[in-house]
Structures are given as structure tokens and as C-alpha cells.
Number of protein chains: 2
Amino acid sequence: MKVSELGEFGLIDLLAKMTRGKQSPTEHQLIIGIGDDAAAWHGDSSVQLATADFLVQDVHFSLDTTSWKELGWKALAVTLSDIAAMGGVPRYALISLALPDTTELEDVTDLYNGMIELAQQFDVAIAGGDTSQASMVAISITVLGSTKSQDKLVLTRSAARAGDKVAVTGDLGAAAAGLEMLSKQIHFNPEATASLRAALLHPYPRIKEGQLLVEQGVKAAIDISDGLISDLNHICKSSQVSARIEADQVPVNPVVRTSFGKKALELALSGGEDYELLFTASPQVIDRIKELASCPITIIGEITADKASKVILFDSKGNHFSPHKSGWEHFSG
Amino acid sequence: MKVSELGEFGLIDLLAKMTRGKQSPTEHQLIIGIGDDAAAWHGDSSVQLATADFLVQDVHFSLDTTSWKELGWKALAVTLSDIAAMGGVPRYALISLALPDTTELEDVTDLYNGMIELAQQFDVAIAGGDTSQASMVAISITVLGSTKSQDKLVLTRSAARAGDKVAVTGDLGAAAAGLEMLSKQIHFNPEATASLRAALLHPYPRIKEGQLLVEQGVKAAIDISDGLISDLNHICKSSQVSARIEADQVPVNPVVRTSFGKKALELALSGGEDYELLFTASPQVIDRIKELASCPITIIGEITADKASKVILFDSKGNHFSPHKSGWEHFSG
């Protein structure tokens with residue numbers, strides 16, 4: 001069987017099963033292994049977190065449309081976002097780089113300057129890594145962090161419960177719209193262009209918001225990297241629940257709505273790479289978070305008891321509908 | 001300037017300078033950043049260690065000569081070896097994989113089985129990672145660990161002092177000989193073939209030996225990945241000392257001596273990938289280690305006060321000589 005037949009998520013499931021249950025003393029310290037946003041294990045006074053992301057040229061980014069500095073920012077941002085989705089504090093980053101040997105040194109320093117700029121904003125120290133030659137650019141980043149408090153609470157994909165409301169931070173669709181704009185060379189006015197480009201290439205990981213969710217008692221969250229529906233599906237699968245989404249409640253980015261018309265909702269539902277947090281909690285908890293958060297918080301649906309792990313979409317008339325695609329998955333045709 | 005003009009080690013120096021001295025609170029906790037075998041920072045009751053390795057198809061390995069299971073073992077082994085070179089205890093591994101979507105699933109499970117086999121031997125839990133599509137196979141591994149004791153002692157590249165003797169664990173040259181054998185399709189007898197193949201593709205990280213070095217008071221060590229001379233050069237540069245090596249004291253692997261004749265010494269001096277530990281200490285400390293270690297320990301030279309960071313080789317007649325090449329460096333023509 002080819003990995004393309006199994007798909008990325010099938011592959012991850014398989015690898016999780018293979019590595020689990022080896023009954024080693026170290027594994028007993030492990031709280032969360034393969035399959036969530038980050039790994040977590042018991043430290044002395046907090047839970048330790050670690051997460052890794054792999055970005056490959058012409059799969060995750062194109063140097064035709066992305067500057068090296070933007071690439072550096074984004075590569076670190078998507079990895080920090082996984083720590084945000086656990087409600088943790090990022091602390092150290094290890095950067096492994098594969099580069100063609102004809103790469104300009106200035107490009108590498110630009111790449112690092114993009115990472116350093118973001119690292120400084122979140123007090124992350126770039127502590128090590130590896131460099132290698134390759135035929136194309138690949139960046140592998142590991143970020144290590146911990147829970148903020150000694151309560152050792154983390155946000156997981158498996159803690160959603162029937163009756164929870166489903167909510168998101170910020171708005172959705174702009175990163176996918178930015179990708180459409182750049183890859184298809186669509187022209188918009190300068191402000192729209194800048195805003196969509198920034199959404200794709202300069203995302204802000206929701207670190208502070210993740211910590212706020214933990215503090216306010218939220219248990220289940222994920223960051224939206226693959227797409228709203230796909231990532232909500234991950235929560236449903238891990239939690240053995242289903243979800244219903246009111247499509248007209250989904251906070252579509254206003255520039256996307258103006259620039260992409262009918263396609264805007266699809267970009268918001270399935271586009272991915274927004275790096276907003278998707279979480280589930282009681283309406284009371286979400287109301288408190290709305291008051292405290294410095295970004296919009298929107299309730300878009302609710303968790304239901306159906307163990308089939310389905311995400312069902314409803315339009316404003318209460319009719320069920322399907323989007324064109326549900327999200328991004330590697331190795332799927 | 002191209003990265004090939006600067007070379008791998010020049011690039012690492014530059015990135016270390018760029019990321020250092022940002023004066024963030026997290027950086028103040030950092031004990032060792034870019035430029036040693038692993039990063040180290042203060043944990044609550046021990047020093048935390050993290051190290052990353054990036055292996056790229058047709059740069060670090062060839063699937064023509066390496067089985068997927070051997071690849072898995074080796075990829076994890078080389079990363080664990082960096083924890084060994086700090087004298088630490090490895091605990092968690094994050095595995096990021098880039099794969100062509102035509103990869104057979106069985107190959108991926110073989111790869112993981114190779115890693116799992118090694119992980120179990122050293123009580124390492126595979127805790128997470130990432131998977132991605134790519135045009136070739138690339139494996140990025142991060143291993144997290146800690147010091148064994150609360151004394152927080154680690155082996156560094158910067159602690160060699162004039163007057164120290166230079167010593168190595170095990171013997172050298174067999175991995176490079178294995179690479180020559182496989183890449184040039186040289187035929188030896190079955191035992192020699194198996195032994196050289198195992199040296200290249202099934203190395204044992206010197207975890208226990210690294211911990212023994214720390215316990216016995218050794219301060220400076222590195223693992224031999226680039227080659228004896230190249231790696232000793234890293235120690236000399238970090239410690240601002242030089243070294244003299246008695247070439248006839250270098251423990252050349254006996255199979256290499258028999259199979260490669262005159263070239264054997266060169267393979268042992270410059271071949272790399274042996275993953276033995278190279279360390280410096282007083283003769284008294286090394287004598288104690290010889291008694292306690294379960295592998296051979298050989299004194300091969302000494303550290304001198306010359307700040308020029310040179311490694312000078314002497315033959316049995318006391319004459320200075322140069323090997324053909326000093327070791328492996330990415331991005332160098």
C-alpha cells in the first residue's frame with residue numbers, strides 16, 4: 001500500500017499506534033503522545049510541551065511568492081501555534097535547515113531574521129538545530145515549552161463533550177484567500193493585497209489567547225492549520241463526538257468576503273492556515289473569554305453526542321449542506 | 001555570497017551569533033545554545049537537553065544501499081549520539097518525516113520499527129513529530145533529554161584544557177569503510193561485509209559511556225560524526241586550544257586495517273560517522289574510565305596551549321604529517 005492511499009491522517013494514526021504502549025518508564029511520564037498539537041509530559045513543576053513542524057519548498061511554500069524573511073516568520077509561527085493550541089508557553093526552538101548549496105547567504109540571514117523577530121515577541125530562545133545540504137529548501141522546527149501554571153492543565157483534542165459550544169478566535173479565510181491571490185496572480189487593491197498577503201505569510205500565533213482559554217477552564221482546542229472543518233473533525237475524532245456548525249455564524253474575514261464573493265465561505269470553512277484557535281466549552285465559559293480576550297471570539301456551533309465523529313454544516317435556513325473540500329491533507333490525491 | 005563559500009561550520013557560527021544575546025528572560029536560562037552537540041538549559045532539578053538532526057536522501061543516505069529499517073535505526077542513533085556527547089539521558093524523540101506520496105507504507109513502518117527498536121533499548125519515548133509530502137525522503141529528529149544527576153554537569157566542546165590527554169571510545173574507521181564498500185560495491189568476505197555494514201548503518205550511541213565520563217569528572221567531549229580530526233578541531237576551536245595526535249595510537253578498526261590496508265588510517269582519522277566519543281581529561285581520570293568502561297578507551301594525543309586551534313598529526317617517528325581530507329562538511333565544494 002502506498003502512503004497516498006492511507007493519507008496523512010491515516011499515517012499519523014498508524015505511527016501513533018506503533019509507538020504507543022511500549023511500557024517504558026519514560027513513556028509512563030508521557031501525558032500526550034503522537035496525535036495532538038504537541039507532546040506533553042510531566043516535568044518537575046509544570047507539564048513540558050514539544051511540537052515539530054516540517055515545511056518543504058513547493059509543498060508548503062513557494063519562494064516565487066514568499067520572501068525569505070516571511071518564510072522564517074511563518075515557519076516559526078506555525079510551530080508556535082501548536083503550543084498556543086495546548087495553552088502553553090513556548091520557550092526554546094531548534095531549527096533544522098536543508099538548503100541547496102547555491103543559496104545566497106543573505107537569504108539565510110533574512111530567514112533567520114524573520115524567525116528572530118517573532119521569537120523575540122514571544123520570548124522564545126533559538127537554542128540549536130542542524131544544517132544540511134539538499135536539492136530544495138526544507139525547514140524543520142521543534143518548539144519546546146511548558147504549561148504556564150503548576151496546575152499542569154493543557155488543551156487537548158480529546159476533551160470536547162456533547163453540549164459544548166464550538167467557538168473560534170479571530171476571523172477565517174484570509175490565509176487561503178492570500179494563497180489563491182498569490183498562486184493565481186489575482187489583483188486586488190493595495191490594502192486588500194497587503195492584508196491577504198499578511199494573513200498567509202505573517203500569521204500571529206494565538207499564544208496569549210491559548211493561555212487565556214486554559215485559565216478560563218477550556219479543555220478542548222486545536223489550531224486551524226488544515227481548515228476549520230478538517231480541524232474540527234480532528235477534535236470530533238479524538239473526543240468521539242460530532243459537531244454541527246451554523247455556516248452563517250462562521251466569522252468570514254471581511255476582506256475575503258468583499259474580494260471573493262461566493263467563494264469566501266468555502267475559503268473560511270476549508271482553506272486552512274489561519275492559525276486561529278478552535279475550541280469547545282460551555283456558553284458561560286465562552287462569554288467570560290469574550291470579555292477578556294483582545295480578539296473577537298465567535299460561537300459557530302455545538303458538539304453533539306453522535307460518536308460517528310461527523311461535522312455537519314447547516315445554512316441559515318437550517319438546511320444541511322456540504323462544502324467542496326474539507327481541508328488540507330498530505331499524501332491524499 | 002553563497003552558503004557553499006561559507007561552508008557548514010561558518011554558517012553555524014553565523015547563525016549562533018545572530019541568535020545570541022537577545023537578552024530575553026528565556027535566553028538567560030539557556031546554558032548552551034547553537035554550536036555544541038545539544039542545547040542545554042536549566043530545568044527545575046536537572047539540566048534539560050535538546051538536539052536535532054536532519055537526514056536527507058542522497059546526501060546522508062542512499063535507499064539503494066540502506067534498508068528502511070536500518071535508516072530508522074541510524075537516524076535515531078545519530079541524534080541520540082549527540083545526547084551521549086553531552087553525557088545526558090535521552091527521554092523523548094520527535095520524528096518529522098518528508099516522504100514522496102508513492103512511498104510504500106511497509107517502508108514507513110519498517111523505518112519506524114528501526115527507530116522503535118533503538119528507542120526501547122535506551123528507554124526513549126517517541127512522542128510526536130510531523131509528516132509531509134516531498135520529492136525525496138527527509139527525516140528530521142529532535143531528541144530531548146536531561147542530565148542524569150542534579151549536579152547539572154554536561155560535557156561541552158569548550159572545556160578542553162592544555163595538558164589534558166585526548167582519548168576515544170571504541171575503534172574508528174569502520175563506518176567510513178562501510179560507506180566505501182557500499183558506494184563502490186567492493187566485495188569482502190561475508191563477516192567483514194556484515195561488520196562494515198553494521199558499523200555504517202547500525203551504530204550504537206555511546207549513551208552509557210557519556211554518562212560514565214560525566215560521573216568520572218570529564219568536562220570536554222564530542223561525538224565523532226564528521227571525522228576524528230574535524231571533530232577534534234571543533235573542540236579546539238570552542239576551547240581555544242590546539243591538539244597533537246599520535247597517529248599510530250589511533251585505534252583503527254581491525255577489519256578496516258585488514259580490508260583497506262594503507263587507506264585504513266585515513267578512514268579512521270577523517271572518515272566520520274563512527275559515533276564514538278572523543279574526550280579530553282587528565283591521565284588519572286582516563287585510567288579510571290578505562291577500568292569502568294565496557295568498551296576500549298584509548299589515549300591518542302594531548303591538548304596544547306596554542307590558541308590557533310590546530311590539530312597536528314605525528315607519525316611513529318615523530319614527524320608531522322597531513323591526512324588527505326579532514327572530515328565531512330556540508331556546503332563545501
Side-chain angles (χ1 to χ4, degrees), chain A residues 1-4 6 8 11-12 14-15 18-19 22 24-27 30 33-34 38-39 41 43-45 50-54 56 59-60 91-92 94 96 98-99 101-105 108-109 112 116 120 123-136 138 140 142 144 330-331, chain B residues 1-4 6 8 11-12 14-15 18-19 22 24-27 30 33-34 38-39 41 43-45 50-54 56 59-60 91-92 94 96 98-99 101-105 108-109 112 116 120 123-136 138 140 142 144 330-331:
Chain A
M1 189 195 262
K2 309 279 181 206
V3 293
S4 53
L6 193 63
E8 180 185 10
L11 181 61
I12 293 170
L14 176 73
L15 300 178
M18 285 181 71
T19 54
K22 299 296 167 195
S24 71
T26 298
E27 200 192 348
L30 194 62
I34 294 173
W41 61 89
D44 293 324
S45 65
T51 184
D53 270 297
F54 208 151
V56 179
V59 177
H60 298 92
R91 297 200 183 279
Y92 297 96
L94 280 80
S96 290
L99 298 169
D101 60 8
T102 53
T103 308
E104 291 291 338
L105 194 60
V108 184
T109 56
Y112 260 70
I116 289 167
Q120 287 189 287
D123 184 21
V124 171
I126 297 174
D130 194 16
T131 57
S132 168
Q133 205 172 311
S135 57
M136 45 56 174
S140 173
T142 300
L144 310 172
H330 286 288
F331 311 120
Chain B
M1 187 195 263
K2 309 279 182 205
V3 294
S4 53
L6 193 63
E8 181 185 11
L11 180 62
I12 293 169
L14 176 72
L15 300 178
M18 284 180 70
T19 54
K22 301 294 169 198
S24 72
T26 300
E27 201 194 347
L30 194 63
I34 295 173
W41 62 88
D44 293 324
S45 65
T51 185
D53 270 297
F54 208 152
V56 178
V59 176
H60 298 92
R91 297 200 185 279
Y92 298 95
L94 280 82
S96 290
L99 298 168
D101 60 7
T102 53
T103 308
E104 291 292 338
L105 194 59
V108 184
T109 56
Y112 260 70
I116 289 166
Q120 287 189 287
D123 184 21
V124 170
I126 296 174
D130 193 18
T131 57
S132 168
Q133 205 171 313
S135 56
M136 45 59 176
S140 172
T142 299
L144 309 172
H330 286 288
F331 310 119

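Quick note on labels: first sequence line is chain A, next is B, and so on, each numbered from 1.
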Novice: Search all heavy atoms of A:Thr142 against all heavy atoms of B:Thr142 and return the closest pair with its distance.
Specialist: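 Of all heavy-atom pairs spanning A:Thr142 and B:Thr142, the closest is OG1-OG1, 2.6 Å.
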Novice: Between B:Ser96 and chain A, with a heavy-atom cut-off of 4.5 Å, which part of the residue counts as in contact: side chain, backbone, both or neither?
Specialist: both
Novice: So which part of A:Thr103 gets closer than 4.5 Å to some heavy atom of chain B, the side chain, the backbone, both or neither?
Specialist: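 The answer is both parts of A:Thr103.
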Novice: Measure the NZ-CD distance between B:Lys2 and A:Glu104 for me, rounded to the nearest 0.5 Å.
Specialist: 3.5 Å
Novice: Among B:Ala52, B:Ala138, B:Gly129, who wins on heavy-atom pairs under 4.5 Å with chain A?
Specialist: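 Heavy-atom pairs under 4.5 Å are most numerous for B:Ala52.
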Novice: Heavy-atom distances under 4.5 Å only: say whether A:Leu94 touches chain B with side chain, backbone, both or neither.
Specialist: side chain
Novice: So which atom in A:Ser132 and which in B:Val56 form the shortest heavy-atom distance, rounded to 0.1 Å?
Specialist: OG-CG2, 3.7 Å
